[in-house]
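Report on the structure given below.
Remember, predicted model here, so these are calculated numbers, not experimental data. Quick note on labels: first sequence line is chain A, next is B, and so on, each numbered from 1. Hydrogens, waters and symmetry mates play no part in the numbers below; they use all other heavy atoms, side chains included.
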Amino acid sequence: MGFRTADFPTSDFPLKTFRLKTYLCPTMPEKKVRVRFAPSPTGGLHLGGVRTVLFNYLFAKQHGGDFVLRIEDTDQTRYVEGAEKYINDCLAWCGLIPDESPAKGGQYAPYRQTERKPIYREYAERLVAQGHAYYAFDTPEELDAKRKEIPNFQYGHAHRSTLRNSLSLPLSEVETLLHNGTPHVIRIKMPENETVSFTDMIRGHVSFDTAQVDDKVLLKADGMPTYHLAVVVDDYLMKITHAFRGEEWLPSAPVHLLLWEYLGWKADMPQWAHLPLILKPDGHGKLSKRDGARLGFPVFAMNWYDAKNDELTPGFRELGFLPGAFVNLLAMLGWNDGTDQEIFTLDELVEKFSIDRVSKAGAKFDFEKAKWYNAEWIKRSPAESLKVKVAEVLTANGITINKEAYLLKIIDMVKDRCIMVADFYQQAGYFFRAPLEYDVNSVKPKWTDVKTDFFIELKEVFSNTDTFEPAELEAKFKALAEAKGLKIGDVMLPFRIMLVGGKFGPHVFDIAALLGEAETLKRIDLALAVFTA
RNA sequence: GGCCCGUUCGUCUAGGGGUUAGGACAGGAGAUUUUCAUUCUUCAAACAGGGGUUCGAUUCCCCUACGGGCUACCA
């Protein structure tokens, strides 16, 4: 029978080979690969969620399959306005576009579970008719009381006969209750003593004793399915072949396996892959939204505004992460290609991804490493592909950009010094307007009249250049300093601060050359006034 | 508590019966850069513990410990 004991070879079978064969058996007529990401629209999209999307997407695209977005909105009490749009936007930003979704439609529409509500009852009733499920009339209050009364209470074989359900009550009473429209749920009847096992694409052989699993609710009193029923019915109806989800779902896997069997769909059950969790960087446990706030880094893909609490949760996008970098770093959390390569484009990931190389253990999220990925991506990006984002950052800070060629030159000059896109304001802003303030502490204490003379004469010298190119500027600058009996270092830093405002940026003469003669001279004057004040 | 999953440098990880246990981030030192960043060189840093199996275990098996997940009419 089914997925019962000894269903699969286990101990002395080479696991990797076995896994490969199970999910891509070349001798079997291959069904088209179809995967789904099935979030519930309850808020912003978490790192771990995006990684689940990514692995789904990579697997599907690698096999020429379909990637489906399905909205699991069956819990109406947790529904949050705007969350679904947010999910769509996140996927779009990351470049992980579903082939079918509520927005896009598709052959298996609708893709929102609330819109599929009528479908589920039929299957739940079918299970009741077959004896694999039953009606339960216990109120939440009664169950709470039981939980208090009985330690480790589970609604299962040990207690179900003492509760109010169609297994314990006389048929006539059940009929009356049903006829009167008494609120009730439908629960799966877990077998008392069976072993349910399956082969997970990541973990290999996993097995459970059904006695330990409670009789999960399948259909709620409001007529909505729970996740357990909905995921099985929809995965079947939508012809899903491979199901990726977080490891937190592993304990309820036996319920799903049994449902696939009871509904008679066992042959069509998808291959399961339970992904390792993304953990808090410090302490322990799953990474949560709160950890981001506590430790100062984003956890959501994009900004999420919670209108109810008037609370903004920051996102990677707004912080200045490139989507490619975000996707890249997520992929490396639990996967690698076996070489030392760490920087991958989406296309490369599609090509190289392999479920066999996904690790089993959870990974602590390291924001420092995340920043490194982004810096690498910025460094490797051509100015052309950064210009729009950089322009946005600059204009947001009140800077006007006239010449694109000038912007591109600047991006190339400073991109190595930027970790986030937002850093371009600090690193490139002064190319567009004179410093708003100067790091006076680095110059004023050591300022002398000789230096004032130097800069006044420097203006003269710079007004009479042949090219205004870096090399010429540097030569003339040095010659003048020497003539004045100044050490180069004594005037180089002040000059930098005059042009830039602080102790950062590329070579000073490169900056001056790019700024041009008029602007350079103007800035010397401006700063001189401040330094000598 | 019960069940399930996991465990290689601080972090992400490679490796896998015999290796100087490799890389990356972060950290230290140095070189270059008369700013800072980049870049380069370099240092330090790990197989949780105990039993097996074996000529030999970090690698395979078992136990323990530790960590994590689940234990809702939430997903």
Strand-adjacent residues in residues 419-428 of chain A, judged by heavy atoms under 4.0 Å from RNA chain B | none
Angle class for the His46(A)/Phe300(A) ring planes (parallel below 30°, perpendicular above 60°, tilted otherwise)?
-> perpendicular
Considering only heavy atoms and no angle criterion, is a donor-acceptor pair shorter than 3.5 Å present between the side chain of Lys216(A) and the base of A72(B)?
-> no
Under 4.0 Å between a Lys/Arg side-chain N and an Asp/Glu carboxylate O for Lys409(A) and Asp412(A)?
-> no
Looking across every strand, which nucleic acid part, if any, lies under 4.0 Å from Ser252(A) by heavy atom: base, sugar-phosphate, or nothing?
-> nothing
Looking across every strand, which nucleic acid part, if any, lies under 4.0 Å from Pro506(A) by heavy atom: base, sugar-phosphate, or nothing?
-> base
Checking side chain to side chain contact (heavy atoms under 4.5 Å, CB included) for the pair Ile511(A)/Tyr430(A): CA distance, chi angles, key distance, verdict?
-> CA-CA 9 Å; Ile511(A) 297 171; Tyr430(A) 57 82; 4.1 Å; yes
Is Arg51(A) near enough to C12(B) that one of its side-chain N or O atoms lies under 4.0 angstrom from OP1 or OP2?
-> no
Distance below 4.0 Å between Arg78(A) side-chain N/O and A75(B) OP1 or OP2 | no
With heavy atoms under 4.0 Å as the rule, sort Lys286(A) into base, sugar-phosphate or nothing.
-> sugar-phosphate
Nearest of C25(B), A37(B), G68(B) to any side-chain atom of Arg417(A)?
-> A37(B)
Now, which nucleotide makes the Watson-Crick or G-U wobble pair with U20(B), with each of the two distances under 3.5 Å?
-> none
In whole angstrom, give the distance that lies between atom CE of Met190(A) and atom P of G2(B).
-> 20 Å
For nucleotides 4-10 of chain B, just jot down a letter per nucleotide in 5' to 3' order: B, S or -, based on protein non-hydrogen atoms under 4.0 Å.
-> SBSS---
With heavy atoms under 4.0 Å as the rule, sort Gly246(A) into base, sugar-phosphate or nothing.
-> nothing
Calculate the interatomic distance between Asp356(A) atom CG and A14(B) atom C1'; express it in whole Å.
-> 16 Å
Of the nucleotides G68(B), C25(B), U71(B), which one has an atom closest to the side chain of Gln154(A)?
-> U71(B)
State whether Ser359(A) places a side-chain N or O below 4.0 Å from either non-bridging phosphate oxygen (OP1 or OP2) of U13(B).
-> yes
Could you tell me the separation between the CD atom of Glu342(A) and the C1' atom of C25(B), rounded to a whole number of Å?
-> 8 Å
Nearest-nucleotide wise, let me know which of Gly489(A) and Phe365(A) is further upstream toward the 5' end of RNA chain B.
-> Phe365(A)
Parallel, tilted or perpendicular, as decided by the 30° and 60° cut-offs, for the rings of Phe137(A) and Tyr135(A) | tilted
Can you tell me how far P in A37(B) sits from the matching atom in C25(B), rounded to whole Å?
-> 16 Å
Quick one: label Ile488(A) by what it contacts on the DNA or RNA (base, sugar-phosphate, nothing), any heavy atom closer than 4.0 Å.
-> base
Please measure how far the C1' atom in U11(B) lies from the corresponding atom in C73(B), and state the result in whole Å.
-> 41 Å
What distance, rounded to whole Å, do you find between the two C1' atoms, one in G69(B) and one in U58(B)?
-> 27 Å
Is the Phe477(A) ring parallel, tilted or perpendicular to the Phe454(A) ring (thresholds 30°, 60°)?
-> perpendicular
Check every atom of U71(B), C36(B), A14(B) against the side chain of Phe504(A) and return the nucleotide holding the closest atom.
-> C36(B)
Over 60° means perpendicular and under 30° means parallel, so classify the ring planes of Phe321(A) and Phe316(A), tilted if in between.
-> perpendicular
Which whole-number value in Å describes the distance from Leu47(A) CG to U11(B) P?
-> 18 Å
Working to the nearest 0.5 Å, report the span between CZ of Arg417(A) and CZ of Phe504(A).
-> 9.5 Å
Between C62(B) and C9(B), how far is it from one P atom to the other, in whole Å?
-> 22 Å
If you check the Ala363(A) side chain, which of U13(B), G68(B), A75(B) turns out closest?
-> U13(B)
Base, sugar-phosphate, or nothing: which does His274(A) touch, judged by heavy atoms less than 4.0 Å apart?
-> nothing
Given the P atoms of U7(B) and G27(B), what is the spacing between them in whole Å?
-> 28 Å
Base partner of U42(B), which must satisfy Watson-Crick or wobble distances under 3.5 Å = G28(B)
Partner nucleotide, any strand, of C9(B) [Watson-Crick/G-U, under 3.5 Å] = none
So which one's nearest nucleotide on RNA chain B is more toward 5', Asp73(A) or Trp335(A)?
-> Trp335(A)
Please tell me which of the listed nucleotides, U38(B), C73(B), G69(B), lies nearest to the side chain of Val217(A)?
-> C73(B)
Tell me which nucleotide among U33(B), A14(B), A72(B) gets nearest to the side chain of Arg147(A).
-> A72(B)
Among C73(B), C25(B), A75(B), which is the nearest nucleotide to the side chain of Val185(A)?
-> C73(B)
Salt bridge between Glu474(A) and Lys478(A), side-chain N to carboxylate O under 4.0 Å?
-> yes
Any idea which of C25(B), C70(B), C73(B) is nearest the Lys220(A) side chain?
-> C73(B)
Measure the distance from CE on Met332(A) to C1' on A14(B) and round it to the nearest whole Å.
-> 11 Å
Evaluate the ring planes of Phe208(A) and Phe198(A), with Trp represented by its six-membered ring, and classify them as parallel (under 30°), tilted (30 to 60°) or perpendicular (over 60°).
-> parallel
With rounding to whole Å, what would you report as the distance between C43(B) and A75(B) at their C1' atoms?
-> 49 Å
Which one, A75(B), G69(B), A14(B), comes nearest to the side chain of Asn336(A)?
-> A14(B)
Go through A75(B), U34(B), C73(B) for me and flag the one nearest to the Met492(A) side chain.
-> U34(B)
Is the shortest side-chain N to carboxylate O distance from Arg187(A) to Asp214(A) below 4.0 Å?
-> no
C70(B) pairs with, by Watson-Crick or G-U criteria that keep both distances under 3.5 Å | G2(B)
Separation of the P atoms in A24(B) and C3(B), to the nearest angstrom | 44 Å
Phosphate oxygens OP1/OP2 of G23(B): is one of them under 4.0 Å from a side-chain N or O of Thr339(A)?
-> no
In whole angstroms, how far is the P atom of A75(B) from the CD atom of Glu84(A)?
-> 16 Å
Set of ring pair (Phe, Tyr, Trp, His ring centres under 6.0 Å) partners for Phe531(A), sequence neighbours left out | Tyr438(A), Trp447(A)
Lys415(A) side chain near U38(B) phosphate (N/O to OP1/OP2, under 4.0 Å) = no
Please work out if Asn152(A) contacts a base, only the sugar-phosphate, or nothing of the nucleic acid, heavy-atom cut-off 4.0 Å.
-> base
Between Trp249(A) and His256(A), what is the ring plane arrangement, given parallel below 30°, perpendicular above 60°, and tilted in between?
-> tilted
Does Lys379(A) make a side-chain N or O approach to OP1 or OP2 of U39(B) shorter than 4.0 Å?
-> yes
Before accepting this row, confirm whether a basic side-chain N of the pair Lys369(A)/Asp366(A) lies closer than 4.0 Å to the acidic partner's carboxylate O.
-> no
Before accepting this row, confirm whether a basic side-chain N of the pair Asp234(A)/Arg36(A) lies closer than 4.0 Å to the acidic partner's carboxylate O.
-> no
